[in-house]
Number of protein chains: 2
Amino acid sequence: MGTTQLETVPEPKYWHLKTVLSEALDSEFAVGEILPNERELAARFGVARATLRQALEQLELEGRLQRRRGVGTAVAPPRVGVDVGSESGPRSWPGAPGDAWHTEDHEQAPAPAAVARLLDTGAGTPVHAVRRSRTTGDQQVAAEILYVPADVVPALPAGQDPADSMAQRAARARAVLRELHRLDLQGQDRTVELGSARAEDARRLDRLPGAPVLVVTTRYIADGRTAAVSVATYRADTCRLSFSDADALPLAG
Amino acid sequence: MGTTQLETVPEPKYWHLKTVLSEALDSEFAVGEILPNERELAARFGVARATLRQALEQLELEGRLQRRRGVGTAVAPPRVGVDVGSESGPRSWPGAPGDAWHTEDHEQAPAPAAVARLLDTGAGTPVHAVRRSRTTGDQQVAAEILYVPADVVPALPAGQDPADSMAQRAARARAVLRELHRLDLQGQDRTVELGSARAEDARRLDRLPGAPVLVVTTRYIADGRTAAVSVATYRADTCRLSFSDADALPLAG
DNA sequence: GAGTGGTCTAGACCACCTG
DNA sequence: AGGTGGTCTAGACCACTCT
């Protein structure tokens, strides 16, 4: 009977569903509007709820939808562009005046293995860990931990007393940044990769653990060595990282 | 009876599974080694296959595993760092000598709406679409389409004959790039965001449709306007995008 | 308490790869 | 042909948010 169906590649249902939903979002829904619930949508399209969810997951990954347990599934606004670079301009230390971050916390602890590798030191080297966060408008978009080896910025007098206040910890964090600014920044390099939010990051970003994040790792070079390492996790669903040129035209749209 | 369980947040099974598997990968498996199949693993951990798959999906997203239908689930090598920037160095046009891309195909067509917006032209403006791909070693890591408006590089004499050979089409693509190089590049800006592979990209990247990709969008500025737009999709599972400084030390690890 | 999305199960069948 | 991962189903229960 020969080859009856030539190149008939049956599209998975969830893939087709995603396309249909995507078009419906463009034409029939406004940003912020709540969709019918999953059971209802699944019934309407004649598929199992799990199949519908597979389509919704993809759309959420692409930043088209935003789902919240106990609330519903809403049409997401377009991704916000967050400046990450000014790559062509002069480099500057984190915490320089006017940067977009809010300094929140500080502690001293041994460096995690992955960080120690980036710092070219042995695992467990004592480091400062400075926590910062970044918002655009009312939305939390990124959480960062900045690691500074204790032999770059010496340990601070304030003790490790776990009972010290948030304000004290934040003040110590700012003090570490001030010390860092005394050094001469020679260069930096930066990588971007996909990750999934660990429990702590998820909490800070108002997402569930495992949510997709863009991990931006920056090494700051001073005195011919790696003087600090920053690991920043951005919400992948809501963010578009922007490495703009100072000379370039503003991005449309 | 009061609050019997204080802050007992039951960890989802798949999340715990992921942690256990992740540790097993570090200690008990070599890169490239094939894991037991999903039904076997699910039985061994006493969970449904769907639950196990949720854990495997996360690990694949993080670049720890590589799954292939009909073959099995293997331990993935560490992500490869792919240079995307030399951001601090002089900017250069795509296709400049020594760049990492292979020029493959060319066609002329109306610009998709999203591209037209970036080009600051109306939708449907005729553009050249140059397709390029990038490999590291034997692995396909990225697929790109470069859009150049027809009023920046004029239409090429070679006809739209759909029967022209691959070699002819590649030659036309290179011709477009050559014309582009005659312009004075004033600047560029670049964004990175998470996307999912469309059917064509998935094929070129040897992945299933919907696979997570890092979408790098670059606008090239010349003569005070956007002279070209590149949309490059990198495999998010295997790639770490690197924006290295020329001055910086080489990245360890 | 009612309604939402998140997790989990135990099955089935399909598309793909390899011997 | 046999084994793999990919898709899909029809349920169940849980965690969360709102009123």
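Letters A, B, ... are given to chains in the order of the sequence lines, protein chains preceding strands, and every chain is numbered from 1. As a basis for the values below, the full set of heavy atoms in this structure was taken, side chains included, without hydrogen atoms, waters or symmetry mates.
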Donor-acceptor contact below 3.5 Å, side chain A/Glu28 vs main chain A/Leu25: no
A/Arg53 CZ to D/dT7 P, straight-line distance once rounded to whole Å: 16 Å
Main-chain N/O of B/Arg132 paired to B/Arg204 side chain as donor or acceptor, under 3.5 Å: yes
Side chain of A/Val47 (C-beta onward), nearest among D/dT9, C/dG6, C/dT9: D/dT9
Rounded distance (Å) that lies between atom P of C/dC13 and atom OH of A/Tyr14: 21 Å
Rounded interatomic separation in angstrom, taking CG from A/Leu65 and C1' from C/dG5: 13 Å
5' precedence on DNA chain D between A/Lys13 and A/Arg39 (nearest-nucleotide basis): A/Lys13
Sugar-phosphate only, base, or nothing, as touched by A/Leu208 at under 4.0 Å among non-hydrogen atoms: sugar-phosphate
A/Arg190 and A/Thr218: side chain donor to acceptor below 3.5 Å: yes
Presence of donor-acceptor pair under 3.5 Å, side chain of B/Arg49 and base of D/dG6: yes
Between C/dT7 (P) and B/Leu17 (CG): distance, integer Å: 13 Å
Interatomic distance, B/Glu60 CD vs D/dG5 P [rounded to whole Å]: 11 Å
Presence of donor-acceptor pair under 3.5 Å, side chain of A/Arg69 and base of C/dG3: no
Selection from C/dT9, C/dG5, D/dT7 that lies nearest to any side-chain heavy atom of A/Glu38: C/dG5
Residue from B/Glu104, B/Glu107, B/His106 passing side-chain hydrogen bond (donor to acceptor under 3.5 Å, both in side chains) with B/Arg131: B/Glu107
Nucleotide D/dC18, atom P - distance to CD1 of A/Ile34 in whole Å: 10 Å
